[in-house]
Protein chains: 2
Amino acid sequence: MAAFAEQIRKGRKFDQVLDGAREVFMRDGYEGASVDDIARAAGVSKATLYSYFPDKRLLFLEAARSECQRQARRALDQLDPAAPVEHALRTAAEHMIGFLLSTFGQGVYRLCVAESDRFPELGQMFYASGPAHVREQISAYLQYATARGDLAITDFDLAADQFTELCRADLFPKVIFGVQTRFSESEIRRVIDGAISTFMARYGTHRG
Amino acid sequence: MAAFAEQIRKGRKFDQVLDGAREVFMRDGYEGASVDDIARAAGVSKATLYSYFPDKRLLFLEAARSECQRQARRALDQLDPAAPVEHALRTAAEHMIGFLLSTFGQGVYRLCVAESDRFPELGQMFYASGPAHVREQISAYLQYATARGDLAITDFDLAADQFTELCRADLFPKVIFGVQTRFSESEIRRVIDGAISTFMARYGTHRG
DNA sequence: CCGAAACTGAACTGATCAGTTTATAATCGG
DNA sequence: CCGATTATAAACTGATCAGTTCAGTTTCGG
């Protein structure tokens, strides 16, 4: 997860450069972004930029890495173990869908999908701080709820993955391929309700 | 879905050009692909290529379009309405996962995600011939099975989307971010069994 | 077998872009 | 307030690439 950030870092405009890079890379992708654009966006001269980062590739990886960390931080605040299962799941679903539909979330996803064979480290990074991170948190909650007798699950990781996938139904493909970008409350509720119903039908214990 | 293919088409090397373009675009993405590479891959001179297509952009769109059509054609052969529901679903799941894990499938997906904001038409095209097409077929089958009394569904489209999402659990994120590229039979069976169990728990009628 | 249409290869144009250099100016610690 | 570090603007290099041109060759219908 680390292993870059070697010959990097020095003075005070470091973060400025990184912010500019994040912005432009996110908007234009790796190939689409020009270093001059980034320097301009960062409010910094090209020479300064190159004094911080040896080349565009490494600048990109650092920008992406910081973006992934940011994303991991903003992830699910610990699911509320006190609330009824349906309620906890609903909260989790709302968070995930909110991220997934945000222009920010789309940007990261698009970028990582596009560049993860040019930059294999990037794919790993995004996976670890995104899908894997979310899975861990949900899986832990599911174990807790199962121990309490509210759910009946044996493969917790699969159950967690299924839940997150159910939350993407209909919405995600439309967003990611630009077929529909805004969704009404009721369109979203339809998907969340559906996800919870299906999940509880399989894994719930208190029938009725 | 059409609306390109205007000033295109003339002689006999048309398909050669398109095949080369498909190959190279799929491998290198839009920016990454050079027209010289494409001409070389197609076994055609650059001048010939430009006699068929006015510019790189349109060549790309045509190549992507033909790829989408190809994909739609190779989609689920009509689900077998005679077989028991679980069996029909299993077959569908195997087809979808097979496509999803193929380098071919990954290539199209990656390309479309990456370029669908540079080329909005591309996103629409891919969505129509991919996700939407699959949804229609599965949804139709689910209506049939519900009418027969084997399933109890009200929102057929949502159910279809949920099933396809369930089939992606675990596998797809790993593949698309390059975390894992090959999967054993049992890894795949785990996901398919899980998808069917969850789906049937929610929508099945004959309990037991 | 002839003439037109399609194709070739190679050279060329003009633009863009990563990365460097240089001469100069701002900033800051002591 | 001096000297060193850090930043700047702008010009430059070398490479890549989309798209054009052209003189010559292949292909094919009639």
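Every heavy atom of this structure was used, including side-chain atoms; hydrogens, water molecules and symmetry mates were not. Bear in mind that the values here come from a model prediction, so they are computed numbers and not experimental data. Note on naming: letters A, B, ... go to the chains in the order of the sequence lines (proteins, then strands), and numbering restarts at 1 for each one.
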Checklist line | Geometric cation-pi criterion B:K56 and B:Y30, 6.0 Å radius, 45° cone | finding: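 Yes, a cation-pi geometry.
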Practice item. Remember a base hit wins even if backbone is also touched, and classify A:A39 as base, sugar-phosphate or nothing at under 4.0 Å, heavy atoms. Key: nothing
| task | Could you tell me which residues satisfy salt bridge (Lys or Arg N to Asp or Glu O under 4.0 Å) with B:D150, sequence neighbours excluded, listed by chain and number? | result |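 Only B:R148 meet the salt bridge (Lys or Arg N to Asp or Glu O under 4.0 Å) criterion with B:D150.
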*Taking salt bridge (Lys or Arg N to Asp or Glu O under 4.0 Å) as the test, write out the residues that go with B:R57, two or more places apart.*
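If we apply the salt bridge (Lys or Arg N to Asp or Glu O under 4.0 Å) test to B:R57, skipping adjacent residues, there are no hits.
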For [X] and [Y], indicate whether the former's side chain and the latter's backbone hold a donor-acceptor pair under 3.5 Å.
X: B:S116; Y: A:I176; result: yes
X: A:E187; Y: A:S184; result: yes
X: B:E115; Y: B:G29; result: no

Between A:F177 and B:F126, what is the ring plane arrangement, given parallel below 30°, perpendicular above 60°, and tilted in between?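 Plane angle between 30° and 60°, so tilted.
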What class does the angle between the rings of A:F199 and A:F163 fall in, given that below 30° is parallel, 30 to 60° is tilted and above 60° is perpendicular?
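Because their plane-to-plane angle is over 60°, the rings of A:F199 and A:F163 count as perpendicular.
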Calculate the interatomic distance between [X] atom [atom1] and [N] atom [atom2]; express it in whole Å.
X: B:Q16; N: C:dA6; atom1: CD; atom2: P; result: 16 Å
X: A:D36; N: D:dA10; atom1: CG; atom2: P; result: 12 Å
X: B:K56; N: D:dT16; atom1: NZ; atom2: C1'; result: 11 Å
X: A:F14; N: D:dA7; atom1: CZ; atom2: P; result: 12 Å
X: A:F60; N: C:dG19; atom1: CZ; atom2: C1'; result: 19 Å

* Asked: Hey, are A:D170 and A:K174 close enough for a salt bridge, meaning a charged N less than 4.0 Å from a carboxylate O?
  -> yes
With a 4.0 Å cut-off, would you call A:E31 and A:R118 a salt bridge?
-> yes
Counting side-chain heavy atoms from CB outward, which of D:dA18, D:dA7, C:dC7 is closest to B:T48?
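Taking heavy atoms from C-beta onward, the closest nucleotide is C:dC7.
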Nearest heavy atom decides the nucleotide; on that basis, is A:D55 or B:V44 closer to the 5' end of DNA chain C?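 Here B:V44 is the residue nearer the 5' end.
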* To do: Tell me which residues in residues 22-32 of chain B put a heavy atom below 4.0 Å from DNA chain D, sorted by number, or none.
  =>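 Of all residues in residues 22-32 of chain B, none places a heavy atom under 4.0 Å from DNA chain D.
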Counterpart residues, side chain to side chain contact (heavy atoms under 4.5 Å, CB included), relative to A:A41 (two or more places apart)
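For A:A41, the residues satisfying side chain to side chain contact (heavy atoms under 4.5 Å, CB included) (neighbours in sequence not counted) are A:E23, A:V24.
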- Query: With respect to the phosphate group of D:dT6, does any side-chain polar atom (N or O) of A:Y52 fall under 4.0 Å of OP1 or OP2?
  - Reply: no
If each end axis of the helix from C:dC1-D:dG30 to C:dG30-D:dC1 is fitted on five C1' pair positions, the angle between them, to 10 degrees, is 30°
With sugar-phosphate taken as primed atoms, P, OP1 and OP2 and all else as base, the protein-contact string of nucleotides 20-30 of chain C at under 4.0 Å (heavy atoms; B, S, -) is BB-----S---
